[in-house]
Amino acid sequence: MTALGFLYPGHSAEDDYPRMEQLLGSDIRLTLVHTDIGEDAHRVDALRGMGSLERLSPGVEELRLSGAEAVVWACTSGSFVYGWEGAHDQVRSLARAAGLPASSTSFAFAHAAREIRARRVAVAATYPDDVAELFADFLREAGAEVVSVRASGIVTGAEVGTWGEPELFALARGGDHPDADAVLLPDTALHTVAHLTALEKELGKPVLTANQVSVWEALRLADRRVNAPALGALFTREPLVQS
């Protein structure tokens with residue numbers, strides 16, 4: 001059994017995780033602990049508060065006691081708003097608190113893009129313009145070429161959590177770019193897991209989404225690879241551990 005732990009902010013698209021657990025196989029357990037988000041706002045000061053160690057620490061001990069082998073802060077905006085160095089400090093603090101390997105969704109995107117060899121990426125974000133640009137800056141620090149950024153101006157995660165398939169596909173199509181090797185959708189409040197293969201078929205290229213890459217990152221930290229094509233191109237890379 002591989003047990004993986006996630007600190008998930010509030011309640012929006014957490015049902016993506018049991019869906020992924022089912023697709024990954026019976027020997028992988030995904031445990032979520034919901035963190036206190038404070039003010040639900042895609043605004044830099046609120047996002048920095050959401051990702052503070054004071055808000056994350058209470059959940060870390062719960063995940064450690066659950067038997068988790070790795071911990072991921074499953075929030076993109078609550079990590080990249082700290083900048084490249086600050087986001088590193090954040091996950092180092094989580095790792096020390098948990099006594100476990102730790103990462104965040106922002107680093108998961110950077111590592112996943114590298115895994116699928118996507119050098120040029122398009123960002124299709126739910127965020128306001130300034131927050132979306134901070135994510136693009138983070139990706140550039142990671143070595144990616146960001147060929148386009150689409151921002152949707154959504155202020156709260158709660159609103160993003162109400163989006164369904166039509167809004168999701170419109171976001172992805174609108175954010176795609178002909179020069180992009182992959183399209184990145186960075187919001188763990190967005191339901192995407194049920195639509196990954198359809199999104200990739202629609203766009204004709206890999207699609208990386210926040211909850212998807214968060215789970216892939218936790219598996220990477222635990223030194224597991226799982227062949228789960230229903231979770232998109234990211235989960236079909238060699239070498240494989242067949243689920």
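For this chain, numbers begin at 1 and follow the sequence in order.
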Could you check if a side-chain atom of Ile116 sits within less than 4.5 angstrom of a side-chain atom of Leu208, using non-hydrogen atoms only?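 Sidechains of Leu208 and Ile116: in contact.
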Heavy-atom distance under 4.5 Å between the side chains of Val60 and Leu53, does that happen here?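 No, too far: nothing below the 4.5 Å cut-off.
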Fit a plane to each ring of Phe80 and Phe138, take the angle between them on a 0 to 90° scale, and name the class: parallel (under 30°), tilted (30 to 60°) or perpendicular (over 60°).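 The rings of Phe80 and Phe138 sit tilted, inter-plane angle from 30° to 60°.
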Quick one: sort the Phe135 and Phe109 rings into parallel, tilted or perpendicular, breaks at 30° and 60°.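 Plane angle over 60°, so perpendicular.
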Test log, rule side chain to side chain contact (heavy atoms under 4.5 Å, CB included), inputs Thr2 and Leu24: CA-CA 11 Å; Thr2 300; Leu24 288 170; over 6 Å; no
Does the pair Asp89/Arg92 count as a salt bridge with the N-to-O cut at 4.0 Å? yes
Is the closest basic N to carboxylate O distance between Arg173 and Asp176 below 4.0 Å? no
Which residues satisfy the ring pair (Phe, Tyr, Trp, His ring centres under 6.0 Å) test with His42, sequence neighbours excluded?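 Partners of His42 by the ring pair (Phe, Tyr, Trp, His ring centres under 6.0 Å) criterion, ordered by chain and then number, come out as Tyr127.
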Atom CZ of residue position Arg29 - does it have more than 12 heavy atoms of other residues, nucleotides or ligands inside 6.0 Å?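 Yes, the 6.0 Å shell around CZ holds more than 12 heavy atoms from other groups.
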Would you find more than 12 non-hydrogen atoms of other residues, nucleotides or ligands less than 6.0 Å from Gln22 atom CD?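 No.
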Between His88 and Phe107, does the ring centroid distance fall short of 6.0 Å? yes
Return the set of residues passing side-chain contact (heavy atoms from CB on, under 4.5 Å) with Ser152 (not counting sequence neighbours), or none when no residue passes. Arg150, Ile154, Trp163, Leu171
Tell me which one of Tyr8, Trp216, Phe6 satisfies side-chain contact (heavy atoms from CB on, under 4.5 Å) with Asn211.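 The single option meeting the side-chain contact (heavy atoms from CB on, under 4.5 Å) with Asn211 is Tyr8.
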